[in-house]
Amino acid sequence: MWSSVKSELTRRLADRIRNLYEVDHDPVVEIPPRRDLGDIAFPAALHLARVVKRNPRQIATEILEGLELPPEVRSVEIAGAGYLNAFLQRSAGAAHLLAESAVAPSAAGSKTVIEHTNINPNKAAHIGHLRNSVLGDILAKTLRELGHTVEVQNYIDDTGVQVADVVVGFLDIQGLDAAAVAAIPEPFDYYCWDLYSQVGRWFEEDPERLTLRRSTLHELESGSGPRADIGRLVARRIVARHLKTMARLDISYDLLTHESDILGLDFFRQAFDRLVASGAIHLENSGKNEGCWVMPLAESEEFAGLEDPDKVIVRSDGTVTYVGKDIAYQLWKFGLLGRDFEYRYWDEQELWQTTTTDGVAKHPSFGGAHDVINVIDIRQSYLQKIVRAGLEALGHPEAAERSVHFAYEMVALSTDTARQLGYIDDDADPDEEGKSLEMSGRKGVGVKADDLMDQLIAKAREEIESRDRELAADQLTQLARDIAVAALRFFMVKASTHRIIAFDFSEALSFEGESGPYLQYALVRAENIRRKLAASGLETEVAPEIARQLPEELWSDDLWDLVLCAAQIGDTLEKAGSTLELSLIARHALDLAQKFNALYHRHPMLHEENEDLRRVRLVATRVFSKALMDLARILGIPTPDRM
RNA sequence: GCGCCCGUAGCUCAGCUGGAUAGAGUGUCGGCCUCCGAAGCCGAAGGUCGCAGGUUCAAAUCCUGCCGGGCGCACCA
């Protein structure tokens with residue numbers, strides 16, 4: 001009803017304006033700041049003042065005169081400088097929201113591939129990775145809600161430099177063989193976290209040692225030899241850990257795609273031949289890129305001003321850069337490569353993954369997307385542009401157009417947190433005061449995702465226990481987890497994508513104010529009211545037909561404001577989906593919860609004698625719960641009924 | 001050097017395609033648990049919207065130029 005009444009009013013207004021002034025005007029829709037001003041505002045008269053050369057209020061009067069109102073609209077008034085403000089039928093509007101969801105799938109079901117997480121399989125996941133995974137997961141849920149078919153892929157860079165470095169650590173520093181690496185106890189990803197930063201220092205001590213990285217990288221790419229064996233082992237063990245970490249946050253995937261399979265199945269060779277044939281890349285015969293296959297970017301406006309106008313796709317030693325492999329992968333995602341992976345099911349992890357040779361005959365169909373969204377931090381914008389340029393060069397401008405880079409800013413550590421963890425000395429340079437510290441897997445600087453989860457769960461448990469909730473042990477465990485998940489996911493999604501998050505322990509561990517638990521608490525209260533109503537033998541539900549008949553004047557502005565806020569969640573999801581600004585969903589959820597919590601103290605239900613008034617309040621509460629449950633589901637925030 | 005992002009209350013941030021008294025959270029101070037759960041609510045204090053121009057009936061919002069901070073421009077990803 002919300003969107004239909006908006007568009008109907010807009011249409012009638014546009015008609016009226018055309019008849020009156022013979023101009024085509026597309027009326028802007030706004031929401032007035034207060035309910036006493038109205039529910040939908042049209043500043044059309046203000047915009048027309050210049051064209052029509054008349055006082056806005058006068059124009060508004062002329063438009064309003066003879067404007068036929070849709071049945072959902074009670075009245076339209078002129079306000080302020082010349083706003084046309086519509087007031088909706090409140091009982092009817094609320095009844096409508098009781099009967100139907102405020103979210104209507106709009107997409108036609110076309111397939112979207114979302115790539116997210118993509119953590120290098122050589123160390124534990126840290127909170128920066130969590131931002132990626134949480135955003136990717138919420139994006140997938142949002143698009144599904146809007147009617148898209150979504151396939152989530154987690155790309156495993158198991159043949160890259162980062163894995164190579166850990167292999168060097170095991171083999172050349174620690175002198176371990178594959179069996180010994182396999183025998184290292186869990187948490188294996190924590191072990192590698194330390195080893196990886198150790199390798200970095202080891203290389204710095206003697207740059208000659210970098211030849212070991214090079215030869216390891218070669219072996220990883222060819223897939224045979226002791227270094228390749230250890231590489232595979234490391235990648236598999238780490239990925240298993242990452243999946244477990246993500247599962248704690250209810251994040252899962254449809255498919256793991258391995259870079260090694262892109263190489264093993266000659267995906268890159270396929271793409272390479274086409275890149276050469278199309279002239280998109282050429283072999284450099286001189287200069288600093290001598291012996292490399294490069295993609296010239298100088299002519300493209302998008303890449304203007306680069307220090308080096310060429311991007312290396314194949315290194316002089318014959319190995320392929322990440323971008324090269326990613327072009328092949330991107331082609332496959334669109335079904336444009338002309339070949340497919342083999343697939344097998346990873347039983348322990350319960351998900352499909354690509355493979356090179358031992359695939360099974362029966363598997364779901366993967367790839368072949370209409371749209372592709374890559375969730376990757378903003379620092380990789382340059383590389384993502386090159387991937388798009390590659391698609392374009394290969395004659396797929398439409399695929400390039402539908403390749404979206406969902407870029408988000410980094411997670412850094414706040415000064416306080418960095419100091420707590422010992423990354424900054426207490427007597428550090430005063431100039432550094434107040435500056436956040438960038439995390440670095442290479443340097444071993446960061447907060448591990450599992451550590452944060454553990455702390456959140458412990459804190460939640462403490463909070464619950466302090467309240468004497470009389471829960472069984474397993475209920476307490478479950479609830480502590482639910483609250484921790486809510487806190488963490490909300491923390492990651494409430495920030496705008498273009499903002500750097502300065503991660504601060506005290507802020508992340510707060511369950512008050514703008515937090516996930518705040519949302520849960522509002523829902524718990526709403527549910528609790530219904531339990532109490534039931535216990536008193538009162539009705540806990542109002543049928544839409546009854547709600548429609550409730551006296552209009554019982555709707556106070558504040559109660560109606562909550563309903564109107566709930567009516568708009570569909571708009572927010574649409575906007576979040578189209579702009580990739582998922583924080584809008586979090587903000588809207590907060591807005592709902594804040595409004596409800598405020599009403600909660602002003603409009604008691606149990607002790608209200610007037611049956612109709614009680615019903616109006618119950619309707620508002622039900623509409624609120626439904627809307628916030630919808631948003632919580634999309635945000636991946638669990639909704640316990642007690643806490 | 002070129003490109004992108006940020007600069008709004010002590011701190012962390014909202015503020016949508018210009019529009020109705022610049023809003024939250026947190027912190028500080030003061031209230032509210034014989035009354036549907038105080039992880040909550042109510043109130044107070046707190047802002048030259050980085051600076052300077054410009055466009056406009058109207059600018060935190062658009063344009064230009066500065067200043068301050070961050071990031072990118074690898075044979076790492």
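Since we're looking at a predicted model, the values are computed, not measured. Within every chain, numbering begins at 1; the chains are lettered A, B, ... in the order of the sequence lines, protein sequences first and strands thereafter.
For the residue pair R131(A) and Y408(A), no side-chain donor N or O sits within less than 3.5 Å of a side-chain acceptor on the partner. Between the side chains of T159(A) and S260(A), no donor-acceptor pair of N or O atoms lies under 3.5 Å.
When both distances must be under 3.5 Å, the Watson-Crick or G-U wobble mate of A22(B) does not exist. Of the nucleotides present, none pairs with U48(B) by Watson-Crick or G-U wobble criteria with both distances under 3.5 Å.
G18(B) and G54(B) have their C1' atoms separated by 15 Å, with the value rounded to a whole Å. Only the P atoms considered, A74(B) is 26 Å distant from G68(B), to the nearest whole Å. U34(B) and G25(B) are spaced 25 Å apart, taking the P atom of each and rounding to whole Å. Comparing C42(B) with G23(B), their P atoms are spaced 16 Å from each other, to the whole Å. Nucleotides A14(B) and C6(B) place their C1' atoms 15 Å apart, quoted to the nearest Å. The separation of G40(B) from G27(B), taken at their P atoms, amounts to 10 Å, rounded to a whole angstrom. As rounded to the nearest Å, G30(B) and C67(B) have C1' atoms that lie 41 Å from one another. Using atom C1' as the reference point in both C35(B) and A44(B), the two lie 26 Å apart (nearest Å).
Atoms OH (Y322(A)) and P (G72(B)) sit 16 Å apart, rounded to a whole Å. Atom-to-atom, NE2 of H498(A) to P of C4(B) comes out at 16 Å; the value is rounded to the nearest Å. If you take CZ of F596(A) and P of C36(B), they are 13 Å apart, rounded to a whole angstrom. One can place CZ of F42(A) at 17 Å from P of A20(B), the figure rounded to the nearest angstrom. The nearest whole Å value for the distance from the CD1 atom in I500(A) to the C1' atom in G7(B) is 12 Å.
For the pair R525(A) and F596(A), the cation-pi criterion (under 6.0 Å, within 45° of the ring axis) is not fulfilled. By the 6.0 Å and 45° rule, K459(A) stacks over the aromatic ring of F511(A).
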Seminar exercise, completed: Readout for nucleotides 38-45 of chain B: B = base within 4.0 Å of protein heavy atom, S = sugar-phosphate only, - = neither; 5' to 3' it is SBBSS---
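Rounded to the nearest 0.5 Å, atoms CG (N132(A)) and NE2 (H129(A)) are 8.0 Å apart. Between the OG1 atom of T572(A) and the CZ atom of R587(A) there is a distance of 12.5 Å, given to the nearest 0.5 Å.
For a distance-only test at 3.5 Å, the side chain of S316(A) qualifies as a donor-acceptor partner of the base of C75(B). If you check distances only, the side chain of N289(A) never reaches the base of A74(B) with a donor-acceptor pair under 3.5 Å.
In this model, the phosphate group of G23(B) is not approached by any side-chain N or O of R587(A) to a distance below 4.0 Å at OP1 or OP2.
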Exercise. Do D326(A) and Y155(A) pass the side-chain hydrogen bond (donor to acceptor under 3.5 Å, both in side chains) test, and can you show the C-alpha distance, the side-chain angles, and the key distance before you say yes or no?
Worked result: CA-CA 10 Å; D326(A) 215 30; Y155(A) 183 70; 4.9 Å; no
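Under the 3.5 Å distance criterion, the side-chain polar atoms of H116(A) are left unmatched by any main-chain donor or acceptor of Q153(A).
S536(A) comes within 4.0 angstrom of no nucleic acid atom, judged by non-hydrogen atoms across all strands. Looking at heavy-atom distances under 4.0 Å, R531(A) makes no contact with the nucleic acid at all. Using a 4.0 Å heavy-atom distance criterion, I313(A) is classed as making no nucleic acid contact.
Anti is the classification of C62(B), since its glycosidic angle lies more than 90° from 0.
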